[in-house]
Protein chains: 2
Amino acid sequence: MRKKEEKKISIAVIRRLPRYFRYLSDLIKLDIKRISSKELSQRMGITASQIRQDLNCFGGFGQQGYGYNVELLYDEIGKILGIDKRFSCIIIGAGNMGNALANYQNFRNRGYDIVGIFDADPRKVGTVINDIKVYHIDDLESFVAKQHVDIAILTVPGSRVNEVASKVTALGIKGIWNFSPTDLKLGSDIVVENVHLSDSLMVLGYRLREKLNGSEQ
Amino acid sequence: MRKKEEKKISIAVIRRLPRYFRYLSDLIKLDIKRISSKELSQRMGITASQIRQDLNCFGGFGQQGYGYNVELLYDEIGKILGIDKRFSCIIIGAGNMGNALANYQNFRNRGYDIVGIFDADPRKVGTVINDIKVYHIDDLESFVAKQHVDIAILTVPGSRVNEVASKVTALGIKGIWNFSPTDLKLGSDIVVENVHLSDSLMVLGYRLREKLNGSEQ
DNA sequence: TTAGAATTGACAAAAAAATAACAAAATGTT
DNA sequence: AACATTTTGTTATTTTTTTGTCAATTCTAA
């Protein structure tokens, strides 16, 4: 019932956790109290074996002959993902994507507070997006000196992102959520998660064309 | 020099292609004419072996003792990704994310034309975003009857997405780029590419916390 | 209370992916 | 022109990931 000690967990497993979390959240909404790995596997379209093995990386949350208690499992995965802890985030780049992210209420629910938005455009500075103030990028240093920031969300053009990322790193921010198409070249003491939308779209295009061509034959 | 016949290419390889494409584009901008798998591997932070093996899934684009011709390789990967072909896309959901995507010029450069935006909110209908008209969701059927649509980009709330996805599927659209946090339950004749932003952010949070805790010890 | 059914956790096997190794071919150098 | 160097394409090996199996445990129902 307690957590396994220090067996390095693969990133593939980690990336599945939010999905489990979503499905469990849905089960709670449906007022389902218990679930077997078999039934969950059918809902999620993966194997029961994988679910059991994934969950066992973190400890035995289930019970033989019974399955998993939905609410308990939800809480446990939430703890693993750190939903109970809060992160302080800033958005750099008040363009369309920055705007969209600033307006996402979901992030706050998941423990991510957006405490400021930064941009180089003086016309944007001083405005407010979803109750969050827009500051000039030059005020980033003094802002970070006053208020701790865990994560910088970068929605700046690809041409600027390396410069901004260096600045952010120099200020001691340890996490970057990068929306620019450019890969960041940074040291190993900073965690970067990329969201390359164009890449994703191109993969969709490839798969779609493959499917369409395949059905012609 | 010609393409390998019908050896099924894994999705892991496909997902790396856009990244190769980006790096080659950068090399062209730097006016670099040739590159070895070794040098590219150093730039990209992966192994040379992987690059050679990935590229060989599609054919021998390199030359022993020389390496790869940057421009040629760029063109070949472009062809594989179908950059030369065009896709007709619509955005469903004219909220913040829909707006942001409608304003991305990059998609058009990559062969993805956004030909219409749809929303249920009558206040949005009739407006124009980045020269693209916003229509009422009820006009989707007649729109699709007049104009072929390959891909639907879904930026609607999670609560609506299944309903919208069914409608889209019924109209014969074969590709979905899904931005809602909900997984879509659809038949196998439709290709779905998910962009689960919350999932990505939670993974960043996990990795960041792991790093911070790890350095404490 | 007992027997049968269900289901996990752990381990084994299989499959997939990544990396390494190397012969073959082209380049560059003297 | 000869030879050392570079570098690919391909095959072999290793590692990682996924899937399958089953004893042990708990539940359920008579």
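First the proteins, then the strands, lettered A, B, ... as listed; each starts at 1. Here the structure is a predicted model, which means the values were calculated and not measured.
In this structure, B/K38 atom NZ and D/dT6 atom P are separated by 8 Å, rounded to whole Å. If you measure from atom CD of B/Q64 to atom P of C/dT27, you get 10 Å, rounded to the nearest angstrom. Going from atom CD of B/Q53 over to atom P of C/dA21 covers 15 Å, rounded to whole Å. Atom CD in B/Q50 sits about 5 Å away from atom P in C/dT19, given to the nearest Å. Straight-line distance from the CG atom of A/N69 to the P atom of D/dC27: 12 Å, rounded to whole Å. B/F61 has its CZ atom 14 Å from the P atom of D/dT8, to the nearest Å. Rounded to a whole Å, the OH atom of A/Y66 is 13 Å from the P atom of C/dG9. In this structure, A/F58 places its CZ atom 16 Å from C1' of C/dG9, rounding to the nearest Å.
B/I117 CD1 to B/I137 CD1: the interatomic distance, rounded to the nearest 0.5 Å, is 12.0 Å. Here the CZ-CG distance, from B/F58 to B/L73, works out to 11.0 Å after rounding to the nearest 0.5 Å.
Taking 4.0 angstrom as the limit, B/T47 places a side-chain polar atom (N or O) nearer than this to OP1 or OP2 of C/dT19. Put simply, B/S37 has no side-chain N or O that comes within less than 4.0 Å of OP1 or OP2 on D/dT7. Phosphate proximity of C/dA10 to A/N56: present, with a side-chain N or O under 4.0 Å from OP1 or OP2. For the OP1/OP2 pair of C/dC11 and a distance below 4.0 Å, the side-chain nitrogens and oxygens of A/R52 include no atom meeting the criterion.
The ring of A/Y112 has its center no closer than 6.0 angstrom to the ring center of A/W177.
Summary of the strand contacts: A/I35 and B/R34 both lie near DNA chain C, and taking for each the nucleotide with the nearest heavy atom, the more 5' one is attributed to A/I35. Mapping B/Q63 and A/R16 onto DNA chain D by nearest heavy atom places B/Q63 at the nucleotide closer to the 5' end. Both A/V13 and B/Y68 sit near DNA chain D, but only B/Y68 has its closest nucleotide nearer the 5' end.
As judged by a 4.0 angstrom heavy-atom cut-off over every strand, A/S49 is placed among the base-contacting residues.
Within the 3.5 Å criterion, the main-chain N or O of A/S188 finds a donor-acceptor partner in the side chain of B/K211.
Between the side chains of A/Y104 and B/N96, no donor-acceptor pair is found at a separation under 3.5 Å.
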